[in-house]
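Everything on this sheet refers to the single structure shown next.
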Amino acid sequence: MKLYNTLTNKTETFKPIDKDTVNMYICGPTVYNYIHIGNARPVIFFDVVRRFFEYKGYTVNFVSNFTDVDDKIITKAIEDETDEMTIANKFIEAFYKDAERVGSSTKYLAPRVTEYMSSIISYIEKLVEADYAYEVDGNVFFRVAKISDYGILSGRKVDDLMEGARVEVNTKKENPLDFTLWKTTEVGVTYPSPWGEGRPGWHTECVAMIQDIFGGKIDIHGGGIGLIFPHHENEIAQNRAFAQHHIANYWMHNGQLTIDDKKMSKSEGRVVLVKDLDYDYMGFRLFTLSTHYRSPVEYTDETLKHHVTEWEKIKRTYSQTFYQLDLADYLDTRTHPDNKLKQILNRFVAAMEQDFNTPNAITELQNLVKYTNQKLRQRDTLPDLRAALEVFDTFFKILGLNPEVRRLTQTDRAIYMAWTDARKNKEFDKADRLREKLLERGIL
RNA sequence: GGUCCCGUAGCCAAGUGGCUAAGGCAAUGGACUGCAACUCCGUGAUCACCGGUUCGAAUCCGGUCGGGACCUCCA
């Protein structure tokens with residue numbers, strides 16, 4: 001298994017800390033709004049990462065947080081004349097709904113900042129004690145200058161950052177690059193701390209949660225490419241101070257989803273919410289997986305439609321195969337794949353092992369579709385079709401695609417038989433009526 | 001101003017030093033078919049441009065043009 005590590009800028013062989021186990025943490029959303037389709041990309045991609053590791057036999061401990069204490073949430077609560085918790089709960093629920101819509105599992109540990117406040121505070125306390133952080137008037141800042149390799153993840157040099165730093169409004173900081181760990185505030189919900197009432201900064205929650213949940217270093221830390229700097233860089237800095245290591249062995253980042261070649265922007269009207277997508281969600285999932293995760297993916301109606309059509313084609317072949325086998329009472333028979341099928345499966349897995357090359361994996365899915373369609377046109381191919389169906393199931397499970405096919409009922413079978421007979425007897429009017437019924441039932 | 005990424009056929013998209021540059025969509029020719037749909041077979045690119053390194057480059061280096069990201073909350 002090879003994967004690209006942002007920390008080293010290299011594609012490396014994956015070696016878990018504990019054999020057979022993958023501990024991974026993905027930065028989750030700040031819950032102040034519905035997620036847009038760009039937010040869905042990591043939700044889909046890292047779900048596939050987990051699914052593939054599970055396919056490989058690993059036990060995957062998957063954690064992804066919700067940031068439910070944040071200025072945006074407070075702003076939204078004031079706007080809506082309600083409280084922060086209500087806003088957070090509403091959008092967490094909406095997030096789960098959207099994640100399920102795009103085919104991602106929601107069965108994982110999802111810690112919330114409000115639940116980890118004491119862990120976050122004690123993490124900051126330790127940084128202060130170790131002199132890596134300092135308090136000024138109830139605010140706590142991280143002392144970036146004490147981290148010798150600051151910039152290691154994002155490939156930046158402290159000097160360059162200093163040059164780029166704009167006029168610093170917060171004159172309380174020793175250094176413009178220092179970031180906030182805790183801040184005093186008069187607006188919105190606050191929590192008691194050794195430095196007075198206030199709220200945690202954004203960068204500490206993830207490291208504190210990882211420390212609390214996993215008890216130290218994890219295998220994979222992931223998120224969108226936009227998080228590399230400053231968020232993940234700052235996580236690393238804090239953890240270097242806290243535990244003298246980089247928190248995770250592998251850092252994975254997905255590229256952005258763009259519209260008109262630019263990232264989504266609410267203020268410029270370039271945003272599409274997941275809940276508002278007017279297309280099949282499996283088609284959307286296929287669309288996001290059709291480009292390598294580290295490349296940007298450009299969203300257009302045309303491209304999405306293309307993948308919706310592609311998904312329909314895949315689903316059609318799958319369901320036809322399923323029904324043919326069901327009609328022949330062959331679904332519960334076990335058969336072995338022939339060499340061609342084995343090759344398709346092997347290539348699929350090899351593509352996934354090459355830094356999750358889902359585009360190439362999908363090419364194998366298409367090869368499987370072609371293979372199966374060829375078999376469907378030939379006689380006496382039930383064993384091959386049964387084996388192909390199993391490969392389909394494997395691919396779907398890894399990619400998180402669901403063709404939603406069910407076993408035929410007695411009524412379904414009766415209609416199907418009648419249709420076949422009518423065609424045989426050249427009763428075409430009758431056959432067409434029966435075909436309509438089968439189409440309605442989703443069987444043809 | 002600083003740092004960095006990208007530019008492959010009409011469209012989507014692999015490939016990052018070496019067989020005739022994967023695959024899909026669209027288009028087009030053919031086959032199958034009671035009709036339609038579906039499906040199957042065939043047909044297309046020298047890789048933005050210029051120069052260099054090399055026996056050999058889409059793949060490495062330099063430059064030009066074009067697009068984008070980050071440096072401030074942002075997946």
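In what follows, chains are A, B, ... by sequence order, proteins preceding strands, each numbered from 1.
Nucleic acid contact class of A/Phe229 (heavy atoms, under 4.0 Å, all strands): sugar-phosphate only. At a threshold of 4.0 angstrom between heavy atoms, the contacts of A/Lys72 include nucleobase atoms, whether or not backbone atoms are also involved. Residue contacts shown for A/Leu257 include a base, since a base heavy atom lies under 4.0 Å away. At the heavy-atom level, A/Gly255 lies under 4.0 Å from base atoms of the strands shown. Within 4.0 Å (heavy atoms only), A/Gly223 reaches sugar-phosphate atoms of the nucleic acid but no base atom.
Listed nucleotides: B/G23, B/C71, B/U39. Nearest to the side chain of A/Asn373: B/U39. Of all nucleotides listed (B/C38, B/A36, B/G34), B/A36 comes nearest to the side chain of A/Arg435.
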- Which letters describe nucleotides 5-20 of chain B, given B = protein heavy atom under 4.0 Å from base, S = only from sugar-phosphate, - = neither? ------SSSSS-----

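Taking the six-membered ring for Trp and thresholds of 30 and 60 degrees, A/His253 and A/His232 have ring planes inclined between 30 and 60 degrees apart.
With A/Asp98 contributing its side chain and A/Phe95 its backbone, the two residues share no donor-acceptor pair below 3.5 Å. Listed for the A/Gln256 side chain is no donor-acceptor partner under 3.5 Å among the backbone atoms of A/Ile225.
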Which atoms of nucleotides 65-69 of chain B (N or O only) lie under 3.5 Å from a protein N or O atom, and what are those distances?
from, atom 1, to, atom 2, distance (Å)
B/G68, OP1, A/Lys262, NZ, 3.4

- Query: Can you check side-chain contact (heavy atoms from CB on, under 4.5 Å) on A/Leu161 and A/Tyr150, steps first, answer last?
  - Reply: CA-CA 10 Å; A/Leu161 286 167; A/Tyr150 189 77; 4.0 Å; yes

- Given the rule in the salt bridge (charged side-chain N to carboxylate O under 4.0 Å, His left out) test, do A/Arg423 and A/Asp432 qualify, once you have shown the distances and angles that lead to the verdict? CA-CA 9 Å; A/Arg423 290 174 69 202; A/Asp432 287 349; over 6 Å; no

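Between the C1' atoms of B/U39 and B/G24, the separation comes to 16 Å (whole Å).
Residues A/Tyr279 and A/Phe284 place their aromatic rings such that the two centres sit no closer than 6.0 Å.
The side chain of A/Arg377 contributes no N or O atom lying less than 4.0 Å from OP1 or OP2 of B/C32. Applying the 4.0 Å criterion to OP1 and OP2 of B/G24, one finds that A/Lys370 has a side-chain N or O inside that range. When the side-chain nitrogen and oxygen atoms of A/Asn254 are compared with OP1 and OP2 of B/A75, none of them lie within a distance under 4.0 Å.
For the residue pair A/Arg270 / A/Thr258, no side-chain donor-acceptor distance below 3.5 Å is found, with atom types taken as modelled.
Figure legend: cation-pi geometry between A/Arg50 and A/Phe62, with NZ or CZ positioned under 6.0 Å from the six-membered ring centre and within 45° of its axis.
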